[in-house]
Amino acid sequence: MREDFAEAVYEVAGAIPSGSVLSYGDIAELLETAGPRQVGAAMSRAVDGTPWWRVVRAGGLPPRGHSARAMPFYTAEGTPLRFAGRRGGTEGSYSISMAAARWKPTEAQQAVLDDIRARLAEVSGPGTKRSHPHDWVGP
DNA sequence: CTTTTGACAGCGT
DNA sequence: CACGCTGCCAAAA
């Protein structure tokens with residue numbers, strides 16, 4: 001049943017509740033497949049309707065080249081932000097308070113995420129997987 | 001098959 | 001705090 005990596009990423013993104021966020025790395029870790037860059041690559045091709053602004057960089061910075069477009073969503077959803085300088089209105093430079101905004105899934109939500117991961121792993125199950133005998137670190 | 005390419009992460013300067 | 005470098009890993013060329 002062919003679950004694309006990108007598909008899995010979109011499902012996870014869609015599972016993030018309003019007002020919360022996950023980092024690219026978080027999602028990569030969740031899926032136990034690939035790394036942050038693949039998640040970013042997938043998000044860049046996300047279809048309209050995907051809550052892309054809820055997937056941010058580890059440091060709390062919004063997706064490259066999309067900070068301005070993301071801002072309204074954060075203010076609307078009440079996502080905890082921090083502003084540079086916090087002196088007057090230096091807007092344009094802001095970031096998300098990861099400590100406060102980072103999504104902490106409940107058990108039920110975690111189960112859903114696990115399911116997504118499992119379906120993704122199904123693709124590279126026994127048989128289709130080819131080990132990498134290449135990277136042995138040798139004595 | 002090899003090479004290039006990212007909406008990244010982490011550390012050093 | 002702002003760059004710059006290196007590591008990363010799957011997909012596309």
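A, B, ... follow the sequence lines: proteins, then strands. Residue 1 opens every chain.
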Would you tabulate the pairs of protein nitrogen or oxygen atoms and nucleotide nitrogen or oxygen atoms of nucleotides 4-6 of chain B closer than 3.5 angstrom?
| from | atom 1 | to | atom 2 | distance (Å) |
| --- | --- | --- | --- | --- |
| dG6(B) | N9 | Arg37(A) | NH2 | 3.2 |
| dG6(B) | N7 | Arg37(A) | NH2 | 2.9 |
| dG6(B) | N2 | Gln38(A) | OE1 | 2.5 |

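Atom CZ of Arg57(A) is separated from atom P of dC8(C) by 21 Å (rounded to the nearest Å). dA11(C) atom P lies 16 Å from atom CE of Met43(A), rounded to whole Å. The interatomic distance linking Trp53(A) (CH2) with dA7(B) (P) rounds to 19 Å, in whole Å. The distance from atom CG of Leu61(A) to atom P of dC1(C) is 11 Å, rounded to the nearest whole Å. The distance from atom CG of Asp4(A) to atom C1' of dA12(C) is 14 Å, rounded to the nearest whole Å. Remark: P of dC8(C) and CG of Asp26(A) are 19 Å apart, rounded to the nearest angstrom. Rounded to whole angstrom, the span from the CD atom of Glu29(A) across to the P atom of dC9(C) amounts to 13 Å. The CE atom of Met98(A) sits 10 Å away from the P atom of dG10(B) (whole-angstrom rounding).
Between Phe73(A) and Trp53(A), the ring planes are parallel. Angles under 30° get that label, and only those over 60° would be called perpendicular.
Within the 4.0 angstrom heavy-atom criterion, no nucleotide atom of any strand lies near Gly65(A).
Note: Arg57(A) CZ to Ser67(A) OG = 8.5 Å, rounded to the nearest 0.5 Å. Rounding to the nearest 0.5 Å gives a distance of 8.5 Å between OG1 of Thr33(A) and CZ of Arg117(A). With values rounded to the nearest 0.5 angstrom, Leu22(A) atom CG is found 4.0 Å from Ile16(A) atom CD1.
When each of dA7(B), dA9(B), dC9(C) is scored by its nearest atom to the side-chain atoms of Ser23(A), the top-ranked nucleotide is dA9(B). Considering only side-chain atoms of Phe5(A), the nucleotide from dA11(C), dA9(B), dC9(C) that sits closest is dA11(C).
For Thr33(A) and Pro36(A), each mapped to the nucleotide of DNA chain C holding its nearest heavy atom, the one lying further toward the 5' end belongs to Pro36(A).
In this view, Arg69(A) and Trp52(A), His66(A) satisfy the side chain to side chain contact (heavy atoms under 4.5 Å, CB included) rule, not counting sequence neighbours. Applying the side chain to side chain contact (heavy atoms under 4.5 Å, CB included) test to Thr106(A) and every residue at least two apart in sequence or in another chain returns Ala108(A), Gln109(A).
Ion pairing between a basic and an acidic side chain is recognised when a charged N comes within 4.0 Å of a carboxylate O; Glu11(A) and Arg119(A) show such pairing.
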